[in-house]
Amino acid sequence: MEQLLDPFGRKHDYLRISVTDRCNLRCVYCMPAEGMVFQPHEEIMSYEEIAETVSALAPMGLRKIRLTGGEPLVRKDLEQLVAMLSRIPGIEDIALTTNGMFLAKKAELLKQAGLNRVNISLDSLRQDRFAMITRGGEVEKVLEGIQAAVEVGFEPIKLNVVLMKGINEDEIRDFIALTLDRPLHVRFIEYMPIGSASDTWRQTYLPLTAVEDVCREAGWEVEGVEGPRGNGPAESRRVAGAAGTFGLIHPVSDHFCDSCNRLRLTADGHIKACLYWSDELHVRPYAAAGDHAGIRSLFLKALGAKPKNHEMALALERKQQSHTPTARRMSQIGG
């Protein structure tokens with residue numbers, strides 16, 4: 001069977017699936033404080049349609065699934081979808097990206113259903129600042145979710161930290177300290193100019209050299225290491241003797257497009273071959289009909305139009321880009 005290859009020979013074995021555009025938080029780089037219009041429930045893909053899509057792609061080399069949102073745990077009975085996906089031949093790894101607020105209550109059910117690992121968004125360890133960034137979140141609930149993830153045996157457990165100039169760069173050392181005694185994997189991510197973030201991006205963007213500066217100031221001996229399973233685009237490092245690692249993900253200053261292996265499926269059933277560009281194709285009608293040939297054909301068409309890179313850095317330099325950036329917000333595309 002034909003494989004999921006794009007014109008540049010990149011093999012795609014990883015699908016990020018947004019199961020909802022809704023979220024219980026309003027993070028400053030993801031959603032506006034108010035006025036967000038969510039899609040009607042009937043426009044959101046059913047679990048059966050998602051499973052049909054994955055079943056069609058598995059024979060083409062799809063091996064890894066990540067469930068995202070919005071916040072995926074606001075969708076009812078997510079463990080049922082995990083169980084459905086875990087039974088599909090060829091699927092080897094199922095991961096979840098979550099803000100962690102509901103994870104403590106759901107961790108055991110998700111583990112039993114077949115979830116392998118979790119990424120937890122955590123942009124501050126300080127309650128006042130966390131509440132400001134998320135517009136109302138409780139950091140203690142996220143910390144409880146992390147502990148529950150450790151107890152049920154998810155591995156690896158990654159903490160995603162979006163660095164923002166003037167907001168949380170003074171916590172870099174505190175985040176790295178989390179990896180010293182616990183097998184946690186912190187990943188620092190550059191702020192990206194997508195959706196509601198595009199208006200404030202130039203004032204908030206912070207290159208990840210700031211992390212290296214903090215390590216030098218702390219006097220830590222840092223070594224490059226092979227990242228944990230599902231490492232993706234992170235450059236992984238470890239403080240000598242630490243139980244965990246930290247990683248740098250810099251989509252803007254040093255993009256990783258040459259090794260991109262991921263596709264995205266929006267909550268309303270559109271294929272996005274690239275996070276940044278507006279190009280997308282509607283696959284839901286084929287999934288609803290159980291038309292595997294149609295699903296495969298549309299994914300190949302999307303891959304055929306995938307550009308070589310996303311050109312986010314050109315936006316920072318105010319230069320002309322070759323495609324139209326997406327108008328969707330991060331919460332709508334599983335970003």
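- Judged by a 6.0 Å distance limit and a 45° cone about the ring axis, R237 is not positioned over the six-membered ring of W220.
- If you run side chain to side chain donor-acceptor pair (under 3.5 Å) between E71 and each of T98, T97, N24, only T98 comes through.
- In terms of the side-chain contact (heavy atoms from CB on, under 4.5 Å) criterion, residue partners of A83 (sequence neighbours excluded) are, by chain and number, R87, A113.
- Side-chain contact, Q80 with R75: no donor N or O sits under 3.5 Å from an acceptor N or O.
- Closest approach of Q127 and V139 over heavy atoms only: OE1-N, 2.9 Å.
- With sequence neighbours left out, E144 forms a side chain to side chain donor-acceptor pair (under 3.5 Å) with no residue at all.
- Below 30°, between 30° and 60°, or above 60°: for F246 and F188 the angle between ring planes is above 60°, a perpendicular geometry.
- Donor-acceptor pairing under 3.5 Å is recorded for the side chains of Y205 and E190.
- Side-chain contact check for L81 versus I50: some heavy-atom pair is nearer than 4.5 Å.
- R22 has its side chain out of reach of Q39: every pair of non-hydrogen atoms, C-beta onward, lies at least 4.5 Å apart.
- Contact of the Y191 side chain with the L206 side chain is not registered, since no non-hydrogen atoms from C-beta on lie closer than 4.5 Å.
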Check against side chain to side chain contact (heavy atoms under 4.5 Å, CB included), H12 and D6: CA-CA 8 Å; H12 293 68; D6 70 10; 3.5 Å; yes
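- Partners of S297 according to the side-chain contact (heavy atoms from CB on, under 4.5 Å) rule, which considers only residues two or more places apart in sequence or in another chain, do not exist here.
- The side-chain contact (heavy atoms from CB on, under 4.5 Å) test with L96 is passed by exactly one of T68, L73, V19: L73.
- With salt bridges taken as basic N to acidic carboxylate O contacts below 4.0 Å, one links K106 and E79.
- Annotation: side chain of L85 is in contact with side chain of L67 (closest heavy-atom distance under 4.5 Å).
- With no hydrogens or angles considered, a side-chain donor-acceptor pair links D123 and Y29 at under 3.5 Å.
- Side-chain N/O atoms of S124 and E171 include a donor and acceptor closer than 3.5 Å.
- Under the side chain to side chain donor-acceptor pair (under 3.5 Å) rule, D93 has a single partner from R63, R66, R117, which is R117.
- The side-chain contact (heavy atoms from CB on, under 4.5 Å) test with C215 is passed by exactly one of I172, V239, I176: I176.
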